Chemist: 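Take this structure first; my questions come after.
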Amino acid sequence: MLIRLFVAILLAFASVDALAQDRPNAPEIATKTSKVQTAMGSKFMVVTAHPDATKAAYDILNKGGTAADAAIAAQMVLGLVEPQSSGIGGGAFIVYYDAVQGKLFSIDGRETTPIVASPYLFTKDDGKAMGFYDAANGGRSVGTPGLLRALEKLHGWQGKAPWRDLFQPAIKLAEKGFTVSHRLQKSLQKEASRFEADTQAKIYFFPDTTRSIEGGARKVNQDYAATLNHIADNGAASFYNGPLALNLVEKVRKNKKVGMLSIEDMTEYQAKERMPVCGGYRGYKICSMGQPSSGALTLLNTLGILEHFDLRSMGKDNLQSWHIIAEASRLAFADRNYYMADPDFVKTPDTLLLDPLYLKSRAALIQHKSPMQDVRHGVPAGWVASISQAQDASVKPPGTTHMSIVDGYGNILSMTSSIENAFGSRIMVDGYLLNNQLTDFAFVPNDKNGNPKANRVEGGKRPRSSMSPTIIFDPENKPFMVIGSAGGSRIIGFVLQRIISVIDWDMDIAQALAAPHIVHRGKKLELESSGVDMAEPLKDFGHPVLVGEMNSGLTAIHFKNGQMTGAADPRRDGTAMGR
Ligand code: GLU
């Protein structure tokens with residue numbers, strides 16, 4: 001223990017860079033506790049990022065509701081108690097397993113860009129990229145929210161309980177009051193100035209001008225209750241048409257940083273069914289969210305490369321294991337940054353990137369003795385480029401929430417939901433916050449040579465995401481694991497590490513979630529402070545290393561011997577409940 005502490009202090013002052021440099025003032029902090037909260041059950045299970053949301057979902061499941069019903073109830077509560085991360089002003093990706101039909105599907109509820117937006121939405125007059133918060137705070141970054149249309153679709157296909165009933169737990173809490181979490185209070189530290197441009201948000205979060213709402217205090221949100229009542233009675237469509245839509249559009253357009261969102265953007269919005277992307281890893285079938293999320297393709301690309309290495313024999317405490325995982329991630333991120341974007345706007349190689357021969361050729365680039373000098377995107381067989389493209393490796397500070405649910409019928413839901421940065425655009429309307437999801441686009445549309453970036457802004461397009469709601473089946477095709485996380489583009493690494501921990505290293509799910517994060521997104525190896533003893537050896541090996549806190553929000557369910565174990569990330573407030 002003492003030695004660890006000593007090494008940590010040394011590193012803080014010495015050679016390994018601190019991770020904080022990578023995310024200036026990112027407010028969505030990791031509020032670390034030491035324990036993973038777990039629950040066991042054989043009938044149903046829910047894990048969300050907040051106890052009130054978990055409880056709302058549990059009650060629905062207990063009354064015979066489906067995973068879809070439970071997710072809607074939990075999500076409406078999250079929009080109240082964890083407003084910094086997700087809500088009806090944002091978007092979501094859902095991967096769902098329908099146990100009766102044995103069918104897997106996914107829903108893309110990603111925000112869309114205002115139809116009139118140009119590729120230069122986030123460039124300054126000199127053609128350079130705006131600063132992140134210049135772009136994120138205010139109307140400019142707000143995309144058409146997709147969450148409610150996605151949940152409406154899900155409920156239409158998989159709901160059993162009446163739509164209206166699913167809003168009641170959140171309405172009750174909003175009217176009678178909920179307990180402000182210490183995490184929410186902490187997230188508001190240093191935020192006061194960012195809310196200056198929006199009076200509603202400022203008064204809600206900073207009733208005492210400079211002092212934020214306090215952890216442990218009771219708080220009501222009558223505006224949110226009224227909004228939910230309206231949507232509960234009139235359906236999701238009433239959010240996209242009528243007074244709620246008009247208020248939203250007006251708020252975005254009247255903001256000092258004028259946004260372009262219009263009522264037509266709202267009425268035209270559609271959640272899309274997409275094929276989940278599945279791939280094999282050591283006999284398991286791993287399914288996650290396809291484009292416009294880069295989650296599934298990057299995760300499966302990395303795992304496909306790693307299949308060529310015996311991580312099990314090497315073990316989790318072996319420097320070589322982490323070197324190889326880092327190198328595989330670098331290769332996958334090079335493909336991600338070059339190719340992946342909204343497939344309705346850009347031709348991308350998509351699952352050609354998962355071709356076994358291609359992945360074998362990528363694995364062959366990894367050397368055991370040192371990191372690769374130069375990592376570039378590959379060209380999978382069958383790929384004919386329609387445009388020349390350019391890398392977009394931009395890294396954005398994260399927000400977001402993930403929930404994992406299994407219902408009493410065996411249906412499974414994995415949903416990641418987000419307003420992007422913590423507190424989104426910092427604009428509040430009718431009791432909820434609006435997203436800043438458009439900052440997930442490349443800020444500068446072309447590279448130095450004028451080649452367009454796949455993930456450049458275009459009217460109507462959905463920004464590339466990293467959200468990775470994942471469902472895994474064992475070699476007998478039985479459900480094995482449900483998992484996902486918050487954490488921006490680190491999400492992919494967080495999920496990857498837990499898949500390896502459980503499948504290759506036989507860790508139980510609680511151990512896997514608690515293990516220190518080690519992530520590579522292409523530029524540097526990032527280590528959580530608690531994993532600091534690996535930092536110097538990896539640095540000596542030639543990897544650029546950053547150490548610090550990482551704001552993940554993993555929730556997972558692991559199936560074993562007829563039992564489910566639900567587990568919530570110890571870095572956040574999440575809980576698991578099951579029966
Ligand atoms: N906007 C990010 C994405 O779609 C999510 C932000 C986060 O996870 O914190 O990938």
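In listed order, ligands and their atoms are each counted from 1. Everything numeric here is computed off the predicted structure, so don't read it as measured data. Computed over heavy atoms, backbone and side chain alike; hydrogens, waters and symmetry mates excluded.
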Chemist: If you measure from each non-hydrogen atom of Arg110 to ligand 1, which part falls under 4.0 Å: side chain, backbone, both or neither?
Modeler: side chain
Chemist: Looking at Gln437, which atoms of ligand 1 are within less than 4.0 Å of one of its heavy atoms?
Modeler: 1 (N), 2 (C), 4 (O)
Chemist: Does the side chain of Phe195 reach to within under 4.5 Å of the side chain of Met428, using non-hydrogen atoms?
Modeler: no
Chemist: Please report whether ligand 1 has a polar contact with Ile491, defined as an N or O pair separated by less than 3.5 Å (distance criterion only).
Modeler: no
Chemist: As a quick check of understanding, evaluate side-chain contact (heavy atoms from CB on, under 4.5 Å) for Gln497 and Ile325, giving each step before the final call.
Modeler: CA-CA 9 Å; Gln497 184 177 341; Ile325 294 169; over 6 Å; no
Chemist: Return yes or no for this condition: an N or O of Gly488 is under 3.5 Å from an N or O of ligand 1.
Modeler: yes
Chemist: Could you list which atoms of ligand 1 come closer than 4.0 Å to a heavy atom of Asp440?
Modeler: 1 (N), 2 (C), 3 (C), 4 (O), 10 (O)
Chemist: Return a yes/no value for Arg464: is any of its N or O atoms, backbone included, closer than 3.5 angstrom to an N or O of ligand 1?
Modeler: no
Chemist: Are the aromatic rings of Phe105 and Tyr97 close, with centres under 6.0 Å apart?
Modeler: no
Chemist: Measure from NZ or CZ of Arg149 to the centre of the six-membered ring of Tyr240, then state whether that distance is under 6.0 Å and the direction lies within 45° of the axis.
Modeler: yes
Chemist: Using a 4.0 Å cutoff against the non-hydrogen atoms of Met467, which atoms of ligand 1 qualify?
Modeler: 4 (O), 10 (O)
Chemist: Below the 3.5 angstrom mark, is there an N/O of Ser418, backbone or side chain, next to an N/O of ligand 1?
Modeler: no
Chemist: Need the ligand 1 atom indices (1-based, order shown) with element for anything under 4.0 Å from a heavy-atom of Thr400.
Modeler: 5 (C), 6 (C), 7 (C), 8 (O), 9 (O)
Chemist: For Phe333 and His520, I'd like to know if the aromatic rings sit close, meaning centre-to-centre distance below 6.0 Å.
Modeler: no
Chemist: Between Asp198 and Lys251, does any side-chain N to carboxylate O distance fall below 4.0 Å?
Modeler: yes
Chemist: According to the interplanar angle, ranging from 0 to 90°, do the rings of Phe423 and Phe205 count as parallel (below 30°), tilted (30 to 60°) or perpendicular (above 60°)?
Modeler: perpendicular
